[in-house]
Amino acid sequence: MWVLGVTGGIGSGKTTVTDLFAALGIVVVDADRIARAIMEPGSTALNAVSERYGAQALLTDGTLNRRWLRERVFSDPTEKAWLNQLTHPLIRQQLLEQLKQARSPYVILSAPLLLENKLTTLCDRVLVVDVSPTTQRERTMARDQVSSAQVEAIIQAQASRAERLAAADDIIHNDGPQHELGPQVEHLHELYLKLASPALQPDGKPL
Ligand code: ADP
């Protein structure tokens, strides 16, 4: 299966862009969604978290207290490493499973931390959704109702804009209005259909 990795900083428009690819019939495997799913009540991962941190890691309904856990590990490298070694293999296993099961001309692997977590090794090509820092902050604050300091902390913990752009095969510019995304997505979709076609060589030239 030919895999397109899609990434971008928080609030760049990854979800908006991958929804457009999905509307064209492309299966989207979302690393964030999988990260949430492996922490469902009763899961090995959630049991390990509640054993380590006790009841404070859970909400009263028994689900994970994400906000608490995020803050607990944010500035504690040991706890962050512990959580990553617990969750990353599970997430990777689920990702591979879903990529294998995908039935579309190509498949998208969408992950905010595609580069940071080296998921690019699973991808044939990388598309970066890019916005200016000002747009990124404004849209994230409007969507998540968070302070500028919180947005800043998240941005600092992610790869830089320059690092992402350096890893990009393709770039979607998303500073403009949303209706400008459709044509960019359709243009790239045509390219990816060709690249993913078994009748073509990896460089896109006919056999
Ligand atoms: P990500 O998945 O990268 O965090 P989203 O796709 O959720 O980003 O986009 C962040 C926010 O910005 C959402 O509220 C979305 O509706 C909005 N948004 C995305 N693209 C545009 C655009 N071109 N113009 C205006 N708002 C946008």
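Source: prediction; values computed, not measured. Numbering starts at 1 and runs along the sequence shown. When a ligand or atom number is given, it counts from 1 through the structure's own listing order.
- Protein heavy atom in closest approach to atom 2 (O) of ligand 1: Thr15 OG1, 2.5 Å.
- In this structure, Gly11 counts as a contact residue of ligand 1, since one of its heavy atoms falls inside 4.0 Å of the ligand.
- Ring-centre distance between His189 and Tyr106: below the 6.0 Å cut-off.
- Between the side chains of Ser147 and Gln150, at least one donor N or O sits under 3.5 Å from an acceptor N or O.
- In this structure, Asp76 does not pair ionically with Lys80, as no charged nitrogen and carboxylate oxygen lie closer than 4.0 Å.
- Checked by atom type, the side-chain pair Thr15/Thr18 shows no donor-acceptor distance below 3.5 Å.
- Side-chain atoms of Asp30 and Ser110 include no donor-acceptor pair closer than 3.5 Å.
- Nearest protein heavy-atom contact of atom 8 (O) of ligand 1 is Gly13 N, 3.1 Å.
- In this structure, atom 13 (C) of ligand 1 lies nearest to the protein heavy atom Arg143 CD, 4.0 Å.
- Between the side chains of Gln93 and Glu97, no donor-acceptor pair of N or O atoms lies under 3.5 Å.
- Contact atoms of ligand 1 toward Pro177: 23 (N) (distance under 4.0 Å to a heavy atom of the residue).
- Within the structure, the closest approach of Ala142 to ligand 1 does not fall below 4.0 Å when heavy atoms are considered.
- Listed by atom number, the atoms of ligand 1 under 4.0 Å from Gly9 heavy atoms are 3 (O).
- Ionic pairing of Asp130 and Arg164 is not present here: no N-O contact between side-chain nitrogen and carboxylate oxygen is shorter than 4.0 angstrom.
- Of all protein heavy atoms, the one closest to atom 27 (C) of ligand 1 is Gln178 OE1, 3.4 Å.
- Scanning the protein for heavy atoms near atom 6 (O) of ligand 1, the closest one is Thr16 OG1, 2.6 Å.
- In this structure, the protein non-hydrogen atom closest to atom 17 (C) of ligand 1 is Arg139 CD, 4.1 Å.
- For atom 20 (N) of ligand 1, the closest non-hydrogen atom of the protein is Asn174 ND2, 3.1 Å.
- Contacts between Pro112 and ligand 1, counted as non-hydrogen atom pairs separated by less than 4.0 Å, are absent for every part of the residue.
- Atom OG of Ser104 sits about 11.5 Å away from atom CH2 of Trp2, to the nearest 0.5 Å.
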